[in-house]
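Bear in mind the structure is a predicted one, so any value in this text is a computation, not a measurement. Counting convention: from 1, in listed order, for ligands and their atoms alike.
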Amino acid sequence: MRVRIAPCPTGDGAHIGLARTALFNWLFARRHGGAFVLRVDDTDRQRNVDEALAPILDGFRWLGMDWDEGPEVGGDHGPYFQSERGEHYAAAVDALLAAGAAYRDYSTPEELAEERQAAQAEGERFIYSLRWQAGTDDDAARFEAEGRRGVVRLEMPREGSCRFTDHVRGEVEFEWAREQDHVIQRADGSVLYNLASVVDDHLMEISHVIRAEEHLSNTPRQIFVFEALGYPLPEFAHLPAVAEPGSKTKLSKRKLDKYLKNPDFSKLYEHGLAIAEAIGLETTPETFNPVVVDFYREVGYLPDALVNYLLLLGWSLDDKTEILDRETMFEHFSLERVGKASASFDPLKLLSFQEHYMRRLSEDETVAMVAPYLVAAGLVEEGAAPETRVRAIVRAAGDRLVVAGDILEYAEFFVDDAALAYDEAAFDKRLRQPEEAAGLLAAYRERLAATEPWTVASLEASLRDFVEERGLKLGAVIHALRVAVTGKSVGFGMFEILEILGREACLARIDRALARV
Ligand code: GLU
């Protein structure tokens with residue numbers, strides 16, 4: 001079994017749909033002990049292939065989808081870049097011409113458009129008149145002398161139909177009459193996808209072509225090429241499209257504005273955006289977009305969560321078990337379980353998978369995962385993350401850390417006491433407006449200075465005693481205290497916060513807040 005993923009290096013990174021298709025190929029290969037080939041479809045000559053390819057490879061690697069052959073790893077069916085396979089394509093074009101399955105055509109786009117319009121005016125199907133077809137070299141020379149430039153077209157059957165069995169779609173039939181004589185080689189000698197893909201799939205000995213549904217309609221013309229060249233046919237499986245949240249339209253990187261009107265999508269995006277901004281990432285829709293895998297890597301999702309989520313975009317187990325580890329995926333993945341219906345991207349489901357996988361991490365793993373975000377946000381120096389403090393926060397935050405970047409919600413634990421930023425509304429409400437707030441906080445500061453030992457239990461006891469002595473409730477002090485030491489009015493347990501910060505920092509922060517009042 002040999003399968004492939006064949007991305008075009010468009011510069012868009014690893015789109016969710018591409019990652020899903022790659023995942024199904026990878027799982028199929030791992031399930032059957034086959035090879036997962038990565039081929040770069042760069043026939044549309046483009047300047048910075050390497051630059052455009054890097055984010056795709058990074059995305060695949062981060063998800064753990066290791067390819068057996070392809071860029072960086074090599075293999076004995078290379079080269080794996082279509083831009084380096086020109087001689088194979090040229091030979092195939094010659095063979096198709098020799099077999100009479102293709103012809104040179106010297107029509108101009110305008111001439112074809114005219115013929116098409118004429119057919120439409122008559123209410124007929126457009127069939128090319130072949131007026132500028134060069135049957136012989138002499139014809140070609142004559143057309144060229146007129147300044148025309150030729151392309152090579154497939155000479156497709158006009159009657160009957162193409163039938164094949166697709167592992168997902170079942171029996172498929174396309175009438176040949178619906179096909180045009182597709183161009184396979186441009187005037188400049190470059191070849192098009194339908195030719196290159198077939199030649200590569202054959203020479204790379206691909207046994208199963210598993211790809212997105214949008215290519216189903218390309219399959220008849222590719223089958224025509226396979227057969228004309230005398231190549232055996234691979235098996236085909238066309239995967240349902242990954243669709244927008246709540247619709248059947250294909251998910252697109254270019255429609256971020258539209259998706260942000262969906263509250264679930266917006267929640268996922270805003271959550272990531274806050275982290276991205278805190279670590280200074282560029283956040284244009286081009287560079288920071290939940291339709292692309294990079295988004296998740298950058299803000300600290302777990303690859304296992306994303307892989308598990310992607311698996312369910314078109315695949316399910318009979319008993320609908322949703323949480324599956326990789327071993328289970330390898331064991332059960334099969335094309336027969338791929339559904340036909342398009343699968344909508346569901347942001348909340350992805351978030352819930354992330355929550356699930358995050359909770360399964362050990363404390364050590366979580367600490368290791370979140371620490372780089374503190375460095376990236378400039379809160380601690382590289383290699384100097386205060387391990388005990390990070391650990392204490394991880395413990396206190398518990399399930400509130402959904403992605404690694406969420407550690408930045410606790411940034412106040414890592415800033416200098418003198419640099420703590422305040423939520424001004426909270427500061428007014430808790431420290432300035434209640435007349436007695438500052439006085440009480442000042443009095444409590446003295447109690448705090450003398451509290452021993454500095455632990456959650458004794459800190460709690462000391463505050464309770466303090467308020468009881470005055471016939472007050474905890475709230476009379478705790479809200480002001482929270483804003484004074486954290487700058488904001490939300491966060492986890494007050495006594496945990498005090499313990500984590502330590503006596504010196506707490507007193508310094510209270511003094512600064514009081515001076516500010
Ligand atoms: N480069 C094509 C794409 O990205 C590959 C299609 C195929 O798998 O045949 O859509």
- Where do Tyr269 and Tyr259 land on the ring-ring contact (aromatic ring centres under 6.0 Å, His included) test, with the steps shown first? CA-CA 10 Å; Tyr269 175 75; Tyr259 302 160; over 10 Å; no
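- Two residues are said to be in side-chain contact when any heavy atoms from C-beta on lie closer than 4.5 Å; Arg153 and His182 fail this criterion.
- Neither the backbone nor the side chain of Glu214 comes within 4.0 Å of ligand 1, counting heavy atoms alone.
- Which parts of ligand 1 touch Arg4 is read off a 4.0 Å heavy-atom cut-off, strictly below it: atoms 7 (C), 8 (O), 9 (O).
- Side-chain N or O atoms of Arg31 include one that pairs as donor or acceptor with a backbone N or O of Glu331 at under 3.5 Å.
- Close approach of ligand 1 to Asp41 is summarised as follows: ligand atoms under 4.0 Å from at least one heavy atom of the residue are 1 (N), 2 (C), 5 (C).
- Side-chain atoms of Asp68 never come within 3.5 Å of backbone atoms of Ala35 as a donor-acceptor pair (strictly under, hydrogens ignored).
- Short contacts between ligand 1 and Ser197, defined as distances under 4.0 Å to a heavy atom of the residue, involve ligand atoms 9 (O).
- Which parts of ligand 1 touch Tyr193 is read off a 4.0 Å heavy-atom cut-off, strictly below it: atoms 5 (C), 6 (C), 7 (C), 9 (O).
- Residue His215 holds the heavy atom nearest to atom 3 (C) of ligand 1 of all those in His15, Arg211, His215.
- In terms of modelled atom types and a separation under 3.5 Å, the side chain of His32 and the main chain of Gly34 share no donor-acceptor contact.
- Looking at Ala6 next to ligand 1, an N or O pair under 3.5 Å apart turns up.
- In this structure a side-chain-to-backbone donor-acceptor pair under 3.5 Å is present from Ser252 to Arg254.
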